Amino acid sequence: MKMDVLTLFPEMFDGVLGHSILKRAAEHNAVEYNIVNFRTYADNKHQTVDDYPYGGGAGMVLKPQPIFDAVADLQKKSTSSPRVILLCPQGEKYTQRKAEELSQEEHLIFVCGHYEGYDERIREHVVTDEISIGDFVLTGGELGAMVVIDSIVRLLPGVLGKEESHQSDSYSTGLLEHPHYTRPADFRGMKVPDVLTSGNHRLIDEWRMKESLRRTELRRPDLFDHMELSAEQKKWLEEIKKEHEEH
């Protein structure tokens, strides 16, 4: 996958893309990052990329020309038709489902804004997707782009080593992930559930599914609104609800 990022602060990405899984993914040719300062596309001698908003108001607005020209240049060099993603608090709320959808693409272009906002013509004529990572406002789109990039790259084939590593993640199954334990089995009197040390993988899988259902019911019951549970899962969920009512 090719990922281009248009930003006024390219140095912000050095630490994130240069470490851990994101670094290894690039080293193993699963992904290619290209961080572009779109100020270099400005068509004026001072390389200004923002201006005052028509009609007045606080803050500055990103001009259309630098971003239009930067995206057009990247598209011209592409061997596919890239999705152009605008990081914006007005965009659709980002989900694991969206990450899985975008992970199937060959080429993504991220546009990271700053200042008060974007000239509306950028949204209307350049962008294919608008994404928000939550109902809050950041100084710029860079941190949002980093979050989205991380969530996509870890889904690419071979990046995590074991495909099941991400298939059992929270939200990938529609449920929150079950609890995890490691050695020692008894830590200061706090013991690992016996089933996890039993060696019985059928019972372990059943325990994990029940705990995923339990955790989702307690913390994010709204997720069940978008899920099709099996008959067995429905039965377990009813048992879990009864347990909570009794306590």
Side-chain angles (χ1 to χ4, degrees), residues 1 20-22 24-25 30-31 83 85 89-106 108 128-136 144 147-247:
M1 176 184 281
S20 188
I21 289 170
L22 295 182
R24 292 200 302 273
V31 63
R83 300 269 284 270
I85 300 167
Q90 300 174 30
E92 69 171 288
K93 198 166 184 179
Y94 193 55
T95 64
Q96 185 67 21
R97 183 173 297 177
K98 187 72 171 182
E100 291 166 356
E101 175 193 327
L102 293 174
S103 73
Q104 303 302 310
E105 298 290 330
E106 292 181 27
L108 301 173
T128 62
D129 301 80
E130 291 185 51
I131 286 177
S132 167
I133 62 167
D135 295 336
F136 50 87
V147 169
V148 175
I149 288 169
D150 184 286
S151 67
I152 293 170
V153 170
R154 65 193 309 279
L155 297 176
L156 299 179
V159 169
L160 293 184
K162 294 183 178 180
E163 292 303 307
E164 60 267 25
S165 294
H166 67 74
Q167 289 171 358
S168 62
D169 284 343
S170 289
Y171 304 112
S172 287
T173 61
L175 299 169
L176 298 186
E177 197 172 6
H178 56 76
H180 293 278
Y181 295 88
T182 188
R183 295 174 179 77
D186 186 335
F187 175 66
R188 300 177 183 175
M190 296 173 280
K191 296 182 179 179
V192 171
D194 290 338
V195 64
L196 296 180
T197 59
S198 68
N200 188 322
H201 292 290
R202 184 187 65 78
L203 291 179
I204 290 171
D205 288 343
E206 183 178 302
W207 179 88
R208 286 175 171 166
M209 176 52 67
K210 287 180 178 178
E211 290 306 308
S212 284
L213 289 165
R214 186 188 311 280
R215 184 156 285 186
T216 305
E217 170 65 19
L218 285 173
R219 301 184 182 187
R220 289 293 307 277
D222 57 293
L223 294 177
F224 290 121
D225 296 338
H226 310 287
M227 287 189 62
E228 276 292 331
L229 297 177
S230 68
E232 192 169 40
Q233 287 173 326
K234 289 178 181 176
K235 174 174 168 268
W236 289 337
L237 183 58
E238 287 306 311
E239 291 173 359
I240 288 166
K241 288 179 178 178
K242 285 179 183 177
E243 287 176 17
H244 294 163
E245 290 170 2
E246 290 170 2
H247 291 87

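Starting from 1, each residue takes its place in the sequence as its number. All of these numbers come straight from a predicted model, not from anything done at the bench.
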Carefully, step by step, assess Leu155 and Gln96 under the rule side chain to side chain contact (heavy atoms under 4.5 Å, CB included).
-> CA-CA 10 Å; Leu155 297 176; Gln96 185 67 21; 3.7 Å; yes
Test applied, side chain to side chain contact (heavy atoms under 4.5 Å, CB included); reference residue, Lys241; option that passes from Glu217, Glu246, Arg214 = Glu217
Salt-bridge present (Arg97, Glu101; N to O < 4.0 Å) | no
Please name the pair of heavy atoms, one in Thr182 and one in Val192, separated by the smallest distance, quoted to 0.1 Å.
-> O-CG2, 4.2 Å
State whether the number of non-hydrogen atoms from other residues, nucleotides or ligands found under 6.0 Å of His180 atom NE2 is greater than 12.
-> yes
Do the non-hydrogen side-chain atoms of Pro179 and Trp207 ever get within less than 4.5 Å of each other?
-> yes
Heavy-atom side-chain proximity of Leu237 to Lys234 below 4.5 angstrom | no
Supply the atom-to-atom distance Met209 CE to Gln233 CD, rounded to the nearest 0.5 angstrom.
-> 4.5 Å
Is the shortest heavy-atom distance from the side chain of Leu160 to the side chain of Ile21 under 4.5 Å?
-> yes
Value for CD (Gln104) from CG (Leu156), rounded to nearest 0.5 Å, stands at 9.0 Å
CD1 of Ile149 to CG of Leu102: how many Å apart, nearest 0.5 Å?
-> 11.0 Å
Is the shortest heavy-atom distance from the side chain of Asn200 to the side chain of Val195 under 4.5 Å?
-> no
Any side-chain heavy-atom pair from Val153 and Met1 closer than 4.5 angstrom?
-> no
Minimum heavy-atom distance Gly91-Ser132, with the two atoms named = O-CB, 3.6 Å
CD on Glu211 to CG on Leu196, rounded to 0.5 Å = 9.0 Å
Distance (rounded to the nearest 0.5 Å) between Leu22 CG and Asp150 CG | 4.5 Å
4.5 Å side-chain heavy-atom contact, Met227 and Thr216 | no
Which heavy atom of Val148 sits nearest a heavy atom of Tyr94, and at what distance?
-> CG1-OH, 3.5 Å
Sub-4.5 Å side-chain heavy-atom contact between Val31 and Ile152 | no
Take atom CG of Asp194 as the centre, draw a 6.0 Å sphere, and report whether it contains more than 12 heavy atoms from other residues, nucleotides or ligands.
-> no
If we only count heavy atoms from C-beta on, is the Ser212 to His178 side-chain gap below 4.5 Å?
-> yes
Output the distance between atom CZ (Arg220) and atom CG (Leu223), rounded to the nearest 0.5 Å.
-> 4.5 Å
Nearest heavy atoms of Ala25 and Val159, plus distance in Å | CB-CG2, 4.0 Å
Is the shortest side-chain N to carboxylate O distance from Glu243 to Lys210 below 4.0 Å?
-> no
Could you tell me whether Glu232 and Lys235 make a salt bridge, using a distance below 4.0 angstrom between a side-chain N and a carboxylate O?
-> no
Could you please spell out the steps behind the salt bridge (charged side-chain N to carboxylate O under 4.0 Å, His left out) verdict for Arg202 and Glu206?
-> CA-CA 6 Å; Arg202 184 187 65 78; Glu206 183 178 302; 3.6 Å; yes
Minimum heavy-atom distance between Arg215 and Leu176, given as atom pair plus value = O-CD1, 3.9 Å
